[in-house]
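Below is one structure, written out as structure tokens; the observations come after it.
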Amino acid sequence: VDRLFAVDPELPAFAVPDNQRDDVYVPIEKIPQENKDEIIPLFGTGKWTTEDIQRAFAAYQLRDKKLFDRVVSEARARN
């Protein structure tokens with residue numbers, strides 16, 4: 001029952017353990033519109049999701065280019 005009410009912990013980027021970086025995201029309402037406007041075109045014209053934006057921005061915050069590129073690549077692959 002406790003798992004039903006669990007929430008994702010909010011951590012500063014530097015505190016995210018390496019083994020959890022693939023799952024990290026920033027809630028969409030906390031991403032500035034100007035950053036959303038910069039990220040969305042990177043996905044191409046196809047089927048990107050809110051989760052893609054959240055994960056890409058988190059990778060950007062982590063300064064993890066490899067993860068950022070992978071998130072964008074995965075979204076583009078769905079096109």
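Computed from heavy atoms alone, side chains included, the values below leave out hydrogens, waters and symmetry copies. Predicted, not measured: the structure shown is a model, and the values here were computed from it. Here, residue 1 is the first one in the sequence, and each next residue gets the next number.
Residues Tyr60 and Val26 have side chains not in contact (no heavy-atom distance under 4.5 Å, counting atoms from C-beta outward). In this structure the side chain of Asp52 reaches within 4.5 angstrom of the side chain of Arg78, judged on heavy atoms.
A side chain to side chain contact (heavy atoms under 4.5 Å, CB included) with Phe57 holds for exactly one of Ile28, Asn35, Leu62, Val71; it is Asn35.
Here the CZ atom belonging to Arg70 is positioned 7.5 Å from the CG atom belonging to Asp64, to the nearest 0.5 angstrom. With values rounded to the nearest 0.5 angstrom, Phe43 atom CZ is found 10.0 Å from Glu74 atom CD.
For Asp18, the salt bridge (Lys or Arg N to Asp or Glu O under 4.0 Å) criterion is met by Arg21, not counting sequence neighbours. By the side-chain contact (heavy atoms from CB on, under 4.5 Å) test, Pro41 is found to be paired with no residue, residues two or more places apart in sequence or in another chain being considered. In this structure Lys65 satisfies the salt bridge (Lys or Arg N to Asp or Glu O under 4.0 Å) test together with Asp69, sequence neighbours excluded.
For the pair Arg55 (side chain) and Leu67 (backbone), a donor-acceptor distance under 3.5 Å is absent.
In this structure, Ile53 and Lys36 approach most closely via the heavy-atom pair CG2-CG, 4.2 Å.
Within a 6.0 Å sphere centred on CZ of Phe68, heavy atoms belonging to other residues, nucleotides or ligands number more than 12.
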